[in-house]
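What's counted below: heavy atoms across the whole structure, side chains too, no hydrogens, waters or symmetry copies. The chains referred to below are lettered A, B, ... by the order of the sequence lines, with proteins before strands, and numbering in each begins at 1.
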Amino acid sequence: MELADKAVGFLLSAISLSIFSYYTFWVIILPFVEKDHFVHEYFPPQEYAILLPVFSGVALLSFLCVFVGFVMIKSNKKKKSA
Amino acid sequence: MRVPNYLSIRLVSDMGVRRGDGIRNQLPRILKSRSAFSPPGSGISSPPLPVYAIVSLGCYGLLMVGVGLMMFPTCPQEAVLLQKDIVEAKEFLKRRGVDVGSD
């Protein structure tokens, strides 16, 4: 199914490009725009530009650790019962 | 004492309350007294650049994965030939008595 592969690849690259452009605009361009411009309405306050990636990174790492621990426990249980 | 309407508006604006003062506008003031990232010329280095580097690295990795997926070369003729080879090999081995697993 090469069409499904191409669709998934296109979706992934579109998501990554949009996240990159939004984040770049948020972090680099917005501090230089004066406070009364309407474009500030479309972005959360700038503290979240640090909080959001850090929080999602912590969530990802904890999910990975939990998954590894779960697999280890399951393999130990299987070895003990077999 | 009854304050006239225009005076009450002046008092509110003197206290620093701006129009559109929802939680979104109040949250920076609650967290900090100045804006989080100050533009250059103020002598303060910008805090978000390391986090920005990590986020852009992750985005770049995701982009390369997506591009590689899109440009992956599939060879339909070789796939057909491979399936034929597999069938042939299974038949050959079964004839020689080797156990060839599935189907």
### Message
Taking side chain as everything from C-beta outward and backbone as N, CA, C, O, which of these in B:S56 sits under 4.5 Å from a heavy atom of chain A? Side chain, backbone, both or neither.
### Response
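Both backbone and side chain of B:S56 come within 4.5 Å of chain A.
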### Message
Heavy-atom pairs under 4.5 Å with chain A: which of B:L69, B:I54, B:V67, B:T74 has the most?
### Response
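Highest number of pairs under 4.5 Å: B:L69.
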### Query
Can you say whether A:I28 sits under 4.5 Å from chain B via the side chain, the backbone, both, or neither, judging by heavy atoms?
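For A:I28, the side chain is the part near chain B, not the backbone.
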Under 3.5 Å, side-chain donor or acceptor atoms of residues 7-22 of chain A against the rest of the protein: list the pairs with distances, not counting sequence neighbours.
unit_1	atom_1	unit_2	atom_2	d
A:S13	OG	A:G9	O	2.8
A:S13	OG	A:F10	O	3.1
A:S16	OG	A:S13	O	3.2
A:S18	OG	A:A14	O	3.3
A:S18	OG	A:I15	O	2.9
A:S21	OG	A:L17	O	3.2
A:S21	OG	A:S18	O	3.0
A:Y22	OH	A:Y42	O	3.3

Please list, one pair per line, the donor and acceptor atoms closer than 3.5 Å that link side chains of residues 56-75 of chain A to other protein atoms, with sequence neighbours excluded.
unit_1	atom_1	unit_2	atom_2	d
A:S56	OG	A:L52	O	3.1
A:S56	OG	A:P53	O	3.0
A:S62	OG	A:V58	O	2.9
A:S62	OG	A:A59	O	2.9
A:S75	OG	A:M72	O	3.1

### Query
Is it the case that one hydrophobic cluster holds both B:V65 and B:Y60, taking links as side-chain heavy atoms less than 4.5 Å apart, direct or via other members?
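B:V65 and B:Y60: separate clusters.
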### Query
Could you give the distance from CD (B:E91) to CD1 (B:I86), rounded to the nearest 0.5 Å?
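Here the rounded value is 13.5 Å.
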